[in-house]
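On a predicted model such as this, the values are computed, not experimentally measured, just so you know. Numbers here simply count residues along the sequence, with the first being 1.
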Amino acid sequence: MIRLFALSIALISLAGCSGDPNSEPKFSNDSGLPSNCRSYIQRSVDSWRAGEYESEEIINALERNCGMNGHLWDN
């Protein structure tokens, strides 16, 4: 009975994510660039770890693209 309840909760939670445009990473078909915040943030972290960009550059870009007025939230 508890397993059935837990499974039900898990399925409801997953179903609720389908309306969120950032529930999974998305990339542009043409360029392969990130097209939502989830993918943009991961790409930014990967770039920072690889030493491609300094922390300040990453933070500024994250704010611009995924901040309060970021244009990637609803893509």
Side-chain angles (χ1 to χ4, degrees):
M1 185 66 163
I2 292 175
R3 285 185 180 174
L4 181 59
F5 178 72
L7 179 62
S8 299
I9 296 297
L11 291 175
I12 290 170
S13 297
L14 288 174
C17 292
S18 63
D20 180 5
N22 290 293
S23 64
E24 60 185 52
K26 294 180 186 170
F27 298 89
S28 169
N29 290 334
D30 298 332
S31 65
L33 294 173
S35 61
N36 69 358
C37 283
R38 187 175 197 143
S39 60
Y40 188 84
I41 290 170
Q42 187 60 58
R43 180 74 55 94
S44 296
V45 169
D46 293 344
S47 296
W48 175 77
R49 285 188 175 144
E52 295 173 19
Y53 299 100
E54 296 293 322
S55 300
E56 188 71 22
E57 293 173 295
I58 296 289
I59 294 300
N60 289 337
L62 287 172
E63 182 177 41
R64 183 175 55 252
N65 291 292
C66 295
M68 187 182 312
N69 297 313
H71 66 276
L72 290 179
W73 275 114
D74 296 326
N75 291 334

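Applying the side chain to side chain contact (heavy atoms under 4.5 Å, CB included) criterion to Gln42, with sequence neighbours excluded, gives Val45, Asp46. Scanning for side chain to side chain contact (heavy atoms under 4.5 Å, CB included) contacts around Ser55 gives Trp48, with sequence neighbours left out. Take Tyr53 and apply the side chain to side chain contact (heavy atoms under 4.5 Å, CB included) test, not counting sequence neighbours, and it matches Ser47, Glu57, Ile58. Every side-chain hydrogen bond (donor to acceptor under 3.5 Å, both in side chains) that Ser39 has, sequence neighbours left out, goes to Asn36.
Listed by first and then second residue, the disulfide bond (SG atoms under 2.5 Å apart) pairs involving residues 34-74 are Cys37-Cys66 (not counting sequence neighbours).
In the displayed structure, Glu52 atom CD is contacted under 6.0 Å by more than 12 heavy atoms of other residues, nucleotides or ligands.
Interatomic distance, Asn22 CG to Glu24 CD, rounded to the nearest 0.5 Å: 10.0 Å. Here the CG atom belonging to Asn69 is positioned 9.0 Å from the CD atom belonging to Glu63, to the nearest 0.5 angstrom. Here the CG atom belonging to Leu62 is positioned 13.0 Å from the CZ atom belonging to Arg43, to the nearest 0.5 angstrom.
Not a single donor-acceptor pair under 3.5 Å links the side chain of Ser31 to the backbone N or O of Ser28. A donor-acceptor pair under 3.5 Å is formed between the side chain of Ser35 and the backbone N or O of Lys26.
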